[in-house]
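Heads up, the thing below is written out as structure tokens.
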Amino acid sequence: MKIASWNINGIKARIEGLKTWLDQTQPDIACLQEIKSIDENFPADEIEALGYNVAVHGQKSFNGVAILSKHKFDDVIPGLPGDKSDEQARYLEAVVSTKTGAVRVASIYLPNGNPVDSDKYPYKLGWMARLKAHFADVLKYEESFVAAGDYNVIPTEGDVHDPEAWEGDALYRPETHAAFRSIVNLGLTDAFRAVNPRDHCYTFWDYQRGAWQKDNGIRIDHLLLSPQAADRLQTCQIDRFTRGWEKPSDHVPIWIELEV
DNA sequence: ATGACCTGTTTAACAGGA
């Protein structure tokens, strides 16, 4: 069972690339972030025509997440619990049933947090605390759970081309690292790290300053796995090739294969 | 040249991104 995550940076700008990628790589489930669209404008018909069920948690102009699944949804839960005043669409969870049981999947767009001296950084840390609390609840189900998305966290110095350039950035600050570690230390597995010890494998390259051409990237898109999902992990790979396409997203897909 | 961004929206400059 193939489960992917991709920050597409705008569904309207990326629909053709998304359809090409779905057709070529055939994920069973694809978690999308930054769709930048309200639910009504999401091109569900075009994606359903490729054999997917579509769940959307959108927002006008910014943020927005979606889950595409070849399996039908048993449950769809929009929004991260813990703060009813939070209107940013950054979390969508769904349960699908397969021959080997239920799989719970989350599509996550964790706040960027820059600039760190604004209210955006405390919002990021607060959001991470809510995410941790929710993961702790979900882990009690003891089911295969895949928390996939753009975490806006560079986990270690091996996940960035130029660590010094990121000192003090919201993606790389000690407080960010501590919050991310405490989430992983609930008992989750960073799928890419579990199967690939190599450093300098990236999922994002800035549009500016020739970052892609110089391989000046960062690894910020992650799939965190419950123990039950980690037991089934067979591979985790990054679809770098989409970054070289016409009109690319600045992120590329990352995906896992779970043993059926 | 040692470098040059992209997306969405109140369609013209901005806000937001990472």
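Letters A, B, ... mirror the listed sequences (proteins, then strands); counts begin at 1.
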Electrostatic pair D215(A)-R243(A), nearest N-O below 4.0 angstrom: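 Salt bridge flag = no for R243(A) with D215(A).
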Pairing of D199(A) and R193(A) as salt bridge, 4.0 angstrom limit: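 Salt bridge between D199(A) and R193(A), a charged N being under 4.0 Å from a carboxylate O: yes.
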When you compare the protein's N or O atoms with those of nucleotides 16-18 of chain B, which come within less than 3.5 Å of each other, and at what distance?
unit_1	atom_1	unit_2	atom_2	d
dG17(B)	OP2	K120(A)	NZ	3.2
dA18(B)	OP1	E34(A)	OE1	2.9
dA18(B)	OP1	Y109(A)	OH	3.4
dA18(B)	OP1	D150(A)	OD2	3.4
dA18(B)	OP2	Y109(A)	OH	2.9
dA18(B)	OP2	N152(A)	ND2	3.1
dA18(B)	N9	N112(A)	ND2	3.4
dA18(B)	N7	N112(A)	ND2	3.2

What's the [atom1]-[atom2] distance between [X] and [N], to the nearest Å?
{"X": "K247(A)", "N": "dC6(B)", "atom1": "NZ", "atom2": "C1'", "value": "10 Å"}
{"X": "K60(A)", "N": "dA15(B)", "atom1": "NZ", "atom2": "P", "value": "17 Å"}
{"X": "K214(A)", "N": "dA4(B)", "atom1": "NZ", "atom2": "C1'", "value": "11 Å"}
{"X": "I15(A)", "N": "dG8(B)", "atom1": "CD1", "atom2": "P", "value": "12 Å"}

Any residue of residues 155-165 of chain A with a heavy atom less than 4.0 Å from an atom of DNA chain B: none
Aromatic plane relationship, H222(A) with F180(A) - under 30° parallel, 30 to 60° tilted, over 60° perpendicular: tilted
Please report the distance separating the [atom1] of [N] from the corresponding atom of [M], rounded so that it comes out in whole Å.
{"N": "dC14(B)", "M": "dA1(B)", "atom1": "C1'", "value": "30 Å"}
{"N": "dA15(B)", "M": "dT10(B)", "atom1": "P", "value": "14 Å"}
{"N": "dG17(B)", "M": "dT2(B)", "atom1": "P", "value": "33 Å"}
{"N": "dG16(B)", "M": "dG3(B)", "atom1": "P", "value": "30 Å"}
{"N": "dT11(B)", "M": "dT7(B)", "atom1": "C1'", "value": "14 Å"}

Side-chain cluster (under 4.5 Å, hydrophobic types only) that V160(A) belongs to, other residues: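 Its cluster partners, ordered by chain and number, are I154(A), W166(A), L171(A), Y172(A), F204(A), I218(A), I220(A).
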Under the side-chain contact (heavy atoms from CB on, under 4.5 Å) test, residues paired with T189(A) that sit two or more places apart: A194(A), L225(A), A230(A)
Partner set under side-chain contact (heavy atoms from CB on, under 4.5 Å) for Q59(A), not counting sequence neighbours: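 Only F62(A), N63(A), Q88(A), A89(A) meet the side-chain contact (heavy atoms from CB on, under 4.5 Å) criterion with Q59(A).
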Closest-nucleotide 5' rank along DNA chain B - winner of A211(A) and S37(A):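 Result of the comparison: A211(A).
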Residue that, paired with L32(A), satisfies side-chain contact (heavy atoms from CB on, under 4.5 Å) out of L92(A), V65(A), D150(A), L18(A):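 So the option named by the test is L18(A).
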Inter- and intrachain pairs under salt bridge (charged side-chain N to carboxylate O under 4.0 Å, His left out), touching residues 79-104 of chain A, at least two apart: D86(A)-R130(A), E93(A)-R104(A), R104(A)-E143(A)
OH on Y151(A) to OG1 on T176(A), rounded to 0.5 Å: 14.5 Å
